[in-house]
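A quick write-up on the structure given underneath.
Atoms within a ligand are numbered from 1 in the order they appear, just like the ligands themselves.
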Amino acid sequence: ANGHSNELKRVVVTGGLGYIGSHVVVSLLLTGQYQPIVIDNCHNSYPEALNRCAEIARDELGPDAPQPILHNVDLRDAEAVEGVFSEYDSVGGIWAVIHLAALKAVGESGEIPLSYYRVNVGGSISLFESMAKHNVQNLVFSSSATVYGVPEVIPIPETTHIDAASCYGRTKAMVEDIIRDLCKIPKKDGQSSLRAVSVRYFNPAGAHPSGKLGEEPRGKPGNLLPLLAQMAIGREKSALKIFGTDFPTPDGTCVRDYLHIMDLAYGHVLSLNALAVPPTQKNIFSNCDAETGSFRAFNLGKGKGMSVLNMIDAMRKATGYDYKYEIVGRRRGDVPDLTADPSLAEKELGFVANKNLEEMCRDLWNFQTRHPNGYGSP
Ligand code: WQD
């Protein structure tokens with residue numbers, strides 16, 4: 001399958017309605033090269049997100065900009081997933097898959113592990129079966145810094161031992177192992193096997209600068225930044241809790257590597273660019289052999305750690321809201337510091353997360369103030 005519709009390459013984006021997914025979809029649209037085909041069950045997202053992507057594409061590229069397609073399908077429904085892939089067989093097929101759909105709350109994963117294994121691992125298997133059946137050979141997998149557990153070395157290089165400290169992190173590590181095995185299937189003559197890029201995210205923050213797209217989880221946000229934004233706009237009334245100030249870090253609160261969501265989203269465009277390099281030219285798989293298979297993993301981060309207190313301070317400056325917080329016990333699964341060494345992604349993908357903390361907070365606040373009630377509001 002060459003995956004081309006007229007001149008656009010078809011890319012399935014699972015979880016494309018989500019926070020990261022929708023910003024990836026808009027980045028794909030703005031290249032003018034891809035036709036995003038979203039598979040999402042709306043469990044933690046809203047179809048309105050795709051209307052916003054379409055609107056941004058028209059704003060920037062004009063009325064005949066490529067527009068995303070949505071299939072409201074659950075990855076646990078293997079038959080429905082197969083139906084989506086089959087739909088495109090007669091028009092040139094799918095060129096690549098960006099697989100983001102997953103349950104992703106570290107704490108929650110310890111409470112409902114079977115749901116996490118069913119969705120994150122089982123759902124991936126359904127997807128990969130359809131990819132194999134329809135000869136889709138290019139995959140970008142949404143992995144996570146949480147696969148590293150408590151890393152020995154900070155900043156964290158990709159060679160760090162994988163040892164997830166949460167059920168969620170283990171599901172991501174397991175799916176990476178499944179993908180490695182698929183990339184190592186012995187090739188029959190002439191057949192080329194799956195080529196995969198696993199992108200290990202650090203902490204995405206912010207929103208599209210237009211303010212039309214942002215982080216809109218269903219219910220109360222579990223992540224720090226959207227919570228701070230909703231508190232400042234008056235949408236979240238509960239008190240801010242800091243989960244522990246007794247970590248071995250400069251100010252005792254956890255350090256994370258926050259990067260702007262648009263930088264992270266563009267990292268997926270760069271991953272597709274790397275997959276598009278023909279095997280005849282030097283490409284990111286050139287040094288892979290039968291043992292490693294055509295699988296590469298890259299950290300997507302800024303390489304700059306910021307603590308919980310740093311982020312509260314940055315959001316206080318961006319919103320003018322005077323956050324009051326209480327200090328409570330640690331949250332299950334939290335590790336002291338996850339800061340990336342981003343040099344491999346920079347060297348091999350050309351990835352640089354150069355938007356700064358002020359831009360993240362400004363764009364997040366711009367989104368929150370334009371849509372005080374999220375996607376539900378006009
Ligand atoms: C950041 C810090 C909390 C809320 C999350 C996902 C993870 C990954 C990246 C997908 C931590 C502290 C938070 C609050 C707090 N997503 N905090 N009070 O856990 O680093 O990672 O995003 O791959 O799966 O879990 O981000 O924003 O939840 O927490 O003190 O009310 O803020 O303890 O130290 P996290 P987070």
Heavy-atom check, side chain of Val199 versus side chain of Leu264, under 4.5 Å: no
Per-atom contacts of ligand 1 with Ser144, taking only distances under 4.0 Å to non-hydrogen atoms: 23 (O)
Heavy-atom check, side chain of Thr339 versus side chain of Val255, under 4.5 Å: yes
Atoms of ligand 1, numbered as shown, that sit under 4.0 Å from any heavy atom of Tyr168: 10 (C), 23 (O), 24 (O)
Atom 32 (O) of ligand 1 - nearest protein heavy atom and its distance: Val308 CG2, 3.6 Å
Protein residue, atom and distance nearest to atom 16 (N) of ligand 1, heavy-atom basis: Lys104 CD, 3.9 Å
Sub-3.5 Å N/O-N/O distance, Ser143 and ligand 1: no
Closest approach of any protein heavy atom to atom 19 (O) of ligand 1, naming residue and atom: Arg331 NH2, 2.6 Å
Parallel, tilted or perpendicular, as decided by the 30° and 60° cut-offs, for the rings of His371 and Phe367: tilted
Shortest protein heavy-atom distance from atom 14 (C) of ligand 1, along with the residue and atom involved: Phe243 CE1, 3.4 Å
Heavy-atom nearest neighbour in the protein, as seen from atom 27 (O) of ligand 1, with distance rounded to 0.1 Å: Leu224 N, 2.7 Å
Enumerated ligand 1 atoms positioned under 4.0 Å from heavy atoms of Gly222: 4 (C), 28 (O)
Contact check: Ile242 vs ligand 1, nitrogen or oxygen atoms, below 3.5 angstrom: no
Geometric class of the His23/His208 ring pair [parallel <30°, tilted 30-60°, perpendicular >60°]: tilted
Under 3.5 Å donor-acceptor, Arg10 side chain and Gln35 backbone: no
Any N/O pair Cys254/ligand 1 closer than 3.5 Å: no
Side-chain donor-acceptor contact under 3.5 Å, Gln137 with Asn135: yes
Test item: Tyr375 side-chain N/O and Gly214 main-chain N/O as donor-acceptor pair under 3.5 Å: yes
Numbered atoms of ligand 1 (with element) below 4.0 Å of Asp334, judged on heavy atoms: 3 (C), 33 (O)
Ring pair (Phe, Tyr, Trp, His ring centres under 6.0 Å) between His71 and Phe85, worked out: CA-CA 11 Å; His71 295 270; Phe85 280 76; 9.5 Å; no
Tyr258 to ligand 1, any heavy atom closer than 4.0 Å: yes
Geometric N/O contact Thr146 with ligand 1, under 3.5 angstrom: no
Ligand-residue contact atoms, ligand 1 with Leu227, heavy atoms, under 4.0 Å: 31 (O)
Thr14 side chain to Ala101 backbone, donor-acceptor under 3.5 Å: yes
Expected output: side-chain Glu359 to main-chain His260 donor-acceptor under 3.5 Å: no
Close side-chain approach of Cys361 and Leu357, heavy atoms under 4.5 Å: yes
Per-residue contact class, Lys241 against ligand 1 - non-hydrogen pairs under 4.0 Å: backbone
Option of least heavy-atom distance to atom 6 (C) of ligand 1 (set: Val147, Leu100, Asn223): Asn223
Ligand 1 N/O within reach of Asn203 N/O, cut-off under 3.5 Å: yes
Shortest protein heavy-atom distance from atom 25 (O) of ligand 1, along with the residue and atom involved: Val106 CG2, 3.4 Å
Per-atom contacts, ligand 1 versus Arg256 - under 4.0 Å to a heavy atom: 20 (O)
Test item: Asp246 and Arg330 side chains (from C-beta on) under 4.5 Å apart, heavy atoms: yes
